[in-house]
Amino acid sequence: MKSILFIHQSAELYGSDKTILMFISKLDKTKYKSIVILPFDGPLKREFEKNNITVVIAPVLKLYRKMFTPSNLMKLLKEYKEGLKIINQLHKEHNFQLVYSHTLAALIGIIFASKNKVKHLWHVQEIIAKPKLFNWVFKRILSLKSNHKIAYDSHETMRFWIEGSTILTQKSEAVWNGIDVDQKVNYSQEQINAVRTDFFKVSPNELVIALVGRINSWKGQPLLLDAFYLLTKKFDNIKLVFIGSAPPNQENFEITLNEKIKEYQLQNKALIIPFQEEIGKFWDSIDIAVVPSTEPEPFGMVVIEAMLSEKPVVASNHGGPTEIVLPNETGFLFEPNNKESLAENIEKLIVDPVLRKRLGTNGKKRAIEVFSVDNHVRHFEKIFEEILK
């Protein structure tokens, strides 16, 4: 049995958190022993432990824009020493054959692997064009000899990072993220009605347009609100729901969004619901899913979650969603950052319930056939075998 150290930069249950949870939970336990490091306690840790997966809390050396101050650099040095001490102790116990760093945000894995001559695989799920310094730094870290393999969550993500680099091209591979279709809960109409009444505050004839995800600078909440405002001039049976919360210390994005809702006088038409752990019930309760990211999504886990719940998806025509959404078959792609284009594509679904149903049915079929976690796991197990042979 091969021991693998998995390092992840969060303990919440957003897209990348769900990806690693489903992946490790489905990994062949007769071949691989998984030890997971998370930076703090949270719902992801509890979900791992439900699946009898060992989780250790330790610093992961998360890179962030404000780290280059004297106090933060001192904090980083302290975390560096503490993190390596914990991982070295785990290494003595488990003798890791591979370190798997999930997302670019965690640096402790490549440092440990390099120091201990353990093979390292980086699963990249970010497209970082700015600031240019971060882009430059990450390209060089990914190119290190001690980083043996790089997997990307989409072909778009891979193309972004390997451009102009022979070194990265030679050790890169795209692996679409997957969703555990077997774990899809079939909620009753009574449960769905309860969500629509208690959370969405809608009547039976109203359509719910939803964006599920973090409230941050690029997920597109303000853009969708602008488009929704245009739609309210033509339709009075629609409601907009944002499901998610702002990251810690970035609450200003949520405050600004609320202010804009008030500015448009849409307090009765648009609302923000904090992140929900039982998100499947909310997917089943909406009518139209929107992924209006203003910057390219590396993959777009919310797209396949919506599709699995038979919801038509309107997404920005850039990044990973362009590999998931089939225009006129499972949803629509709109011109990025164009509120008029976004509104036009949502309108097609508002006026045509038959179209909504057809696209939703096709989307569920595509999610099951193409984006199952079983396909994802098989692909990674093949990569593991190649690295560890």
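Position 1 is the first residue of the sequence, and the numbers go up from there. Fair warning: this is a prediction, and the values are worked out from it, not measured in the lab.
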- Message: To check you understand the geometry: which heavy-atom pair defines the closest contact between A151 and V175, and what is its length?
- Response: CB-CG2, 4.2 Å
- Task: Would you sort out whether K115 and N88 count as a side-chain contact (heavy atoms from CB on, under 4.5 Å), showing the intermediate values?
- Result: CA-CA 10 Å; K115 283 179 172 291; N88 283 327; over 6 Å; no
- Pick out which of V351, L224, L230 makes a side-chain contact (heavy atoms from CB on, under 4.5 Å) with I346. L224
- Message: Test of understanding: with side chain to side chain contact (heavy atoms under 4.5 Å, CB included), list the residues that count as partners of K119, not counting sequence neighbours.
- Response: L98, H148, I387
- Task: Let me see the working for D374 and S372 under side chain to side chain donor-acceptor pair (under 3.5 Å), right down to the final yes or no.
- Result: CA-CA 5 Å; D374 292 327; S372 74; 4.8 Å; no
- Message: Quick test of your reading of the model: are R159 and E156 salt-bridged, counting only N-O distances below 4.0 Å?
- Response: yes
- Applying the 4.5 Å side-chain criterion to the ILVMFWY set and letting contacts propagate, would I209 and L257 be lumped into a single cluster? yes
- Same hydrophobic cluster for I272 and F200, using side-chain heavy-atom links shorter than 4.5 Å among ILVMFWY? no
- Message: What I'd like to find out is whether the side chain of L121 reaches to under 4.5 Å of the side chain of I4, using heavy atoms alone.
- Response: no
- Task: Working to the nearest 0.5 Å, report the span between NE2 of H376 and CD1 of I179.
- Result: 12.0 Å
- At their closest point, which heavy atom of A11 faces which heavy atom of L38, and how far apart are they? CB-CD1, 4.1 Å
- Would you name the heavy atoms of K311 and I286 that are closest together and state the gap between them? NZ-O, 2.9 Å
- Please lay out, stage by stage, how E329 and R366 fare under the test salt bridge (Lys or Arg N to Asp or Glu O under 4.0 Å). CA-CA 10 Å; E329 291 188 38; R366 179 166 168 77; over 6 Å; no
- Residue pairs passing the side chain to side chain donor-acceptor pair (under 3.5 Å) test with at least one member in residues 379-389, sequence neighbours excluded, are E173-H379
- If you measure from the Lys or Arg side-chain nitrogens to the Asp or Glu carboxylate oxygens, is any gap between D226 and K260 under 4.0 Å? yes
- Please collect all side chain to side chain donor-acceptor pair (under 3.5 Å) contacts where either partner lies in residues 240-256, sequence neighbours excluded, each pair once. none
- Please name the pair of heavy atoms, one in V313 and one in A306, separated by the smallest distance, quoted to 0.1 Å. CG2-CB, 3.8 Å
- Verdict with supporting geometry, I350 and K234, side-chain contact (heavy atoms from CB on, under 4.5 Å): CA-CA 11 Å; I350 292 174; K234 302 174 71 173; over 6 Å; no
- Message: Does any part of the side chain of V325, heavy atoms only, come nearer than 4.5 Å to the side chain of F332, both counted from C-beta?
- Response: no
- When you look at M158 and I150, which way does the side-chain contact (heavy atoms from CB on, under 4.5 Å) test go after all the steps? CA-CA 9 Å; M158 184 172 76; I150 312 164; over 6 Å; no
- Message: Walk me through whether K339 and Y229 qualify under side-chain contact (heavy atoms from CB on, under 4.5 Å).
- Response: CA-CA 10 Å; K339 63 183 179 182; Y229 178 68; over 6 Å; no
- Task: Kindly indicate whether a cation-pi arrangement holds for K2 with F384, taking the cut-offs as under 6.0 Å to the six-membered ring centre and within 45° of the axis.
- Result: no
- Check R196, Q189, Q191 against N193 for a side-chain hydrogen bond (donor to acceptor under 3.5 Å, both in side chains) and give me the one that passes. Q189
- Query: Are the side chain of S101 and the backbone of I7 linked by a donor-acceptor contact shorter than 3.5 Å?
  - Reply: no
- Task: Answer yes if the side chains of S309 and D284 hold a donor-acceptor pair under 3.5 Å, and no otherwise.
- Result: yes
- Query: What pairs with Y100 under ring pair (Phe, Tyr, Trp, His ring centres under 6.0 Å), at least two apart in sequence or on another chain?
  - Reply: F6, F23, H102, H123, F380
- Query: Is F138 close to E126 at the side-chain level, that is, under 4.5 Å between some pair of heavy atoms?
  - Reply: no
- So do the side chains of E278 and Y187 get within less than 4.5 Å of each other, counting heavy atoms only? yes
- Sidechain-backbone polar pair: S114 side chain, I110 backbone, donor-acceptor under 3.5 Å: no
- Qualifying side chain to side chain donor-acceptor pair (under 3.5 Å) pairs with a residue from residues 312-324, counting only residues at least two apart or across chains: W176-E323
- Message: So does I127 get a backbone contact from the side chain of E297, meaning a donor-acceptor N/O pair under 3.5 Å?
- Response: no
- Message: Take a 6.0 Å sphere around CG of D198 and say whether it holds more than 12 heavy atoms from other residues, nucleotides or ligands.
- Response: yes
- Task: Report yes if some heavy atom in the side chain of Q125 is under 4.5 Å from a heavy atom in the side chain of M301; otherwise report no.
- Result: no
- Quick one: are E310 and K357 in side-chain contact, heavy atoms under 4.5 Å? yes
Please list, one pair per line, the donor and acceptor atoms closer than 3.5 Å that link side chains of residues 51-59 to other protein atoms, with sequence neighbours excluded.
{"residue": "N51", "atom": "ND2", "partner": "S25", "partner atom": "OG", "Å": "3.4"}
{"residue": "N51", "atom": "ND2", "partner": "E47", "partner atom": "O", "Å": "3.0"}

- Message: Tell me the closest heavy-atom pair linking I243 and P274, and the distance in Å.
- Response: CG2-O, 4.2 Å
- Query: Checking N362 side chain against T330 main chain: does a donor-acceptor pair fall under 3.5 Å?
  - Reply: no
- Do Y14 and F275 have ring centroids that are under 6.0 Å from one another? yes
- Task: Assess whether salt bridge (Lys or Arg N to Asp or Glu O under 4.0 Å) is satisfied between E344 and K348, documenting all intermediate values.
- Result: CA-CA 7 Å; E344 288 169 8; K348 296 175 189 176; over 6 Å; no
- Which pair of non-hydrogen atoms, one from M1 and one from K29, has the smallest distance, and what is that distance? CE-O, 3.2 Å
- Could you tell me whether a side-chain N or O of T294 sits under 3.5 Å from a main-chain N or O of W218, the two making a donor and an acceptor? yes
- Task: Run the salt-bridge test on E295 and K130 with the 4.0 Å N-O cut-off and return the result as yes or no.
- Result: no
- Query: Would you say I141 and W122 make side-chain contact, with heavy atoms under 4.5 Å?
  - Reply: yes
- Task: Kindly indicate whether the side chain of I261, heavy atoms from C-beta on, has any atom under 4.5 Å from the side chain of L240.
- Result: no
